[in-house]
Amino acid sequence: MNGSIQLKPRERKTLLKHYRKASDPAVRLRAHILLLLAAGHPWNQITALLFTSPRTISRWKERFEHYGVEAILESSRGRPVVLGVWWVAVVIRWVLAKTPRDFGFLRSRWSCTTLVLLLWEEHQLEVSAETVRRALAREQVVWRRPRPVLGLKDPQYEQKLRKIRHLLACLPDDETAVFEDEVDLNLNPKIGSMWMRRGEQAEVVTPGNNQKRYLAGSLHWRTGKLLVSSPGAQRNAKLFVAHLDDLRRRLRCYRHIHVICDNAKFHDCRLVREFLARWGHRISLHFLPTYSPQTNPIERVWWHLHEEITRNHRCQTMDELVGLAFEWFGYKGNFDLETSIYPQALAA
């Protein structure tokens with residue numbers, strides 16, 4: 001039949017083997033095309049069955065007739081890959097270390113089209129946007145959402161951290177230290193990833209009218225025990241002072257309590273100073289470096305609280321959510337403390 005081919009028994013056996021077992025889908029397609037041609041199927045039937053084109057059938061038929069089965073079964077057929085050449089390294093350096101503004105573009109982020117234009121302007125190299133995208137993908141450079149970080153840093157960062165390390169390392173047995181911070185609970189849940197079927201987006205029903213409660217908590221340096229006070233309607237000095245008074249009563253076995261906290265304005269205001277004027281012999285405040293939430297170990301506890309309790313929660317009332325949070329606090333018990341920033345061993 002016109003347009004068909006003739007296969008020897010050995011060639012047909014080889015093609016059948018690769019059609020059934022080859023790991024490369026392109027090789028399986030070529031083998032399938034030749035087997036159908038040898039069986040006498042018309043080209044329009046092959047194109048409809050394999051979702052290919054007459055041009056593809058013609059190319060692999062001619063290659064088989066000129067070079068044999070071995071040429072069909074090579075995985076590296078087609079246009080040579082141009083990745084790994086010098087310009088790929090240049091593009092990677094641009095996207096990782098530069099911004100489009102550095103080259104005069106009125107853009108904040110790179111696009112493949114912008115990189116194509118820059119390659120032509122800088123090196124008179126003509127490539128397509130899709131070629132650039134594939135080059136970046138093969139070099140494990142992917143399009144993802146970045147993580148925001150604070151650009152500001154406390155100029156006294158090391159000095160403040162060194163004082164806190166020294167305080168923790170030299171604590172007498174009748175004194176203790178806690179890391180304090182506040183966390184907010186929202187009735188409208190924070191949304192986090194969850195399992196769902198591909199192509200279907202799961203739903204998290206929210207009450208609609210959001211309510212907030214704030215909890216003040218402290219992480220005990222010696223034991224890792226979390227001490228949380230009653231929730232408040234606002235994150236303010238009144239909530240902070242109530243928590244300090246709660247610490248004074250709950251840690252009465254210690255002569256003095258060192259409270260290590262961040263630099264929120266209400267941590268150092270008139271109401272707090274009035275409390276310390278009365279109870280300064282029992283409680284003193286130590287402030288962490290500014291713009292450095294990673295220096296407070298209790299931040300890890302709040303992160304776990306959100307990951308395990310508040311994200312995608314189904315609570316319909318604030319009382320239910322607060323009760324669930326306190327149940328989680330009691331279930332967790334003690335927490336591991338961050339030791340990379342505060343490497344001193346926990347006091348006995």
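No hydrogens, no waters, no symmetry mates; every other heavy atom, side chains included, goes into these values.
For Glu274 and Arg278, the salt-bridge test fails: no basic side-chain N is under 4.0 Å from an acidic carboxylate O.
Counting only distance, with no hydrogens or angles, the side chain of Trp328 and the backbone of Ile309 share no donor-acceptor pair below 3.5 Å. Within the 3.5 Å criterion, the main-chain N or O of Leu35 finds no donor-acceptor partner in the side chain of His41. Looking only at distances, no side-chain donor or acceptor of Thr114 sits under 3.5 Å from a matching main-chain atom of Cys112. A donor-acceptor distance shorter than 3.5 angstrom exists from the side chain of His313 to the backbone of Cys315, with no hydrogens or angles considered. A distance-only check finds a donor-acceptor pair linking the side chain of Asn236 to the backbone of Leu239 [under 3.5 Å]. No side-chain donor-acceptor contact under 3.5 Å links Trp302 to the backbone of Asp184. Within the 3.5 Å criterion, the main-chain N or O of Glu62 finds a donor-acceptor partner in the side chain of His66. Asn296 contributes no side-chain N or O that, together with a main-chain N or O of Pro293, makes up a donor-acceptor pair within less than 3.5 Å.
Tracing side-chain contacts under 4.5 Å through hydrophobic residues (I, L, V, M, F, W, Y), one reaches Trp86 starting from Val141; they form part of the same cluster. Hydrophobic clustering (ILVMFWY, side-chain heavy atoms < 4.5 Å, transitive): Leu115 and Val142 are in distinct clusters. Under the 4.5 Å side-chain contact rule for hydrophobic residues, Val241 and Phe287 share a cluster. Residue Val116 is grouped with residue Val88 when hydrophobic side chains (ILVMFWY) are merged at heavy-atom distances under 4.5 angstrom, including chains of intermediate members. Cluster membership check: Leu321 does not share its hydrophobic cluster with Trp303, using side-chain heavy-atom separations under 4.5 Å among Ile, Leu, Val, Met, Phe, Trp and Tyr.
In terms of heavy atoms, Gly217 sits closest to Ile298 at O-CD1, 3.4 Å. Between Leu185 and Ala325 the shortest heavy-atom distance is CD1-CB, 4.1 Å. Considering every non-hydrogen atom in both Asn210 and Asn188, the closest pair reads OD1-N, 2.9 Å. Nearest heavy atoms, Leu7 versus Leu34: CD1-O, 4.2 Å. Residues Ser230 and Leu215 come closest through the heavy atom pair C-CD2, 4.5 Å. Contact detail for Arg101 and Arg107: the closest heavy-atom pair is CG-O, 3.3 Å.
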Exercise for review: Mind running side chain to side chain contact (heavy atoms under 4.5 Å, CB included) on Arg165 and Leu168 for me, showing each step along the way?
Suggested key: CA-CA 5 Å; Arg165 291 194 185 109; Leu168 298 175; 6.0 Å; no

Exercise for review: Could you please spell out the steps behind the side chain to side chain contact (heavy atoms under 4.5 Å, CB included) verdict for Glu122 and Trp87?
Suggested key: CA-CA 11 Å; Glu122 295 284 322; Trp87 65 264; over 6 Å; no

Practice item. Decide side chain to side chain contact (heavy atoms under 4.5 Å, CB included) for Ile57 and Leu50; before the verdict, give the C-alpha distance in whole Å, the side-chain angles of both, and the deciding distance to 0.1 Å. Key: CA-CA 10 Å; Ile57 298 175; Leu50 301 184; over 6 Å; no

Review point. Where do Phe240 and Leu285 land on the side chain to side chain contact (heavy atoms under 4.5 Å, CB included) test, with the steps shown first?
Key: CA-CA 12 Å; Phe240 182 55; Leu285 300 184; 4.0 Å; yes

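Within the model, atoms OG1 of Thr14 and CD of Glu70 stand 7.5 Å from one another, a figure rounded to the nearest 0.5 Å. Thr99 contributes atom OG1, which lies 13.0 Å from atom CH2 of Trp94 (distance to the nearest 0.5 angstrom). Rounding to the nearest 0.5 Å gives a distance of 10.0 Å between CD1 of Ile191 and OG1 of Thr310. Note that CD of Gln316 and CG of Leu187 are 7.5 Å apart. Values are rounded to the nearest 0.5 Å. Rounding to the nearest 0.5 angstrom, the gap separating the CH2 atom in Trp43 from the CD1 atom in Ile33 is 9.5 Å. The structure places CG of Asn312 at 9.5 Å from CD of Glu307, a figure rounded to the nearest 0.5 Å.
Residues passing the salt bridge (charged side-chain N to carboxylate O under 4.0 Å, His left out) test with Arg59, sequence neighbours excluded: none.
Residues His123 and Val90 are in side-chain contact: their nearest non-hydrogen atoms beyond the backbone lie under 4.5 Å apart. You'll find the side chain of Trp60 stays beyond 4.5 Å of the side chain of Leu37, heavy atoms only. Taking 4.5 Å as the limit, some side-chain heavy atom of Val183 sits within range of a side-chain heavy atom of His306.
Ring orientation note: the planes of Phe326 and Phe329 are nearly perpendicular, at an angle over 60° on the 30°/60° scale.
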Pairs under 3.5 angstrom only: tabulate donor-acceptor contacts from the side chains of residues 251-268 to other protein residues two or more places apart or in another chain.
from   : atom 1 : to     : atom 2 : distance (Å)
Arg252 : NH1    : Arg249 : O      : 2.6
Arg255 : NE     : Asp174 : OD2    : 2.9
Arg255 : NH2    : Glu175 : OE2    : 2.5
His256 : ND1    : His281 : O      : 3.0
His256 : NE2    : Ser284 : OG     : 3.0
His258 : ND1    : Ser284 : OG     : 3.2
His258 : ND1    : His286 : NE2    : 2.9
His258 : NE2    : Glu175 : OE1    : 2.7
Asp262 : OD1    : Ala264 : N      : 3.2
Asp262 : OD1    : His267 : ND1    : 3.0
Asn263 : ND2    : Leu288 : O      : 2.6
His267 : ND1    : Asp262 : O      : 3.1
His267 : NE2    : Glu182 : OE2    : 3.0
Asp268 : OD1    : Arg273 : NH1    : 3.3

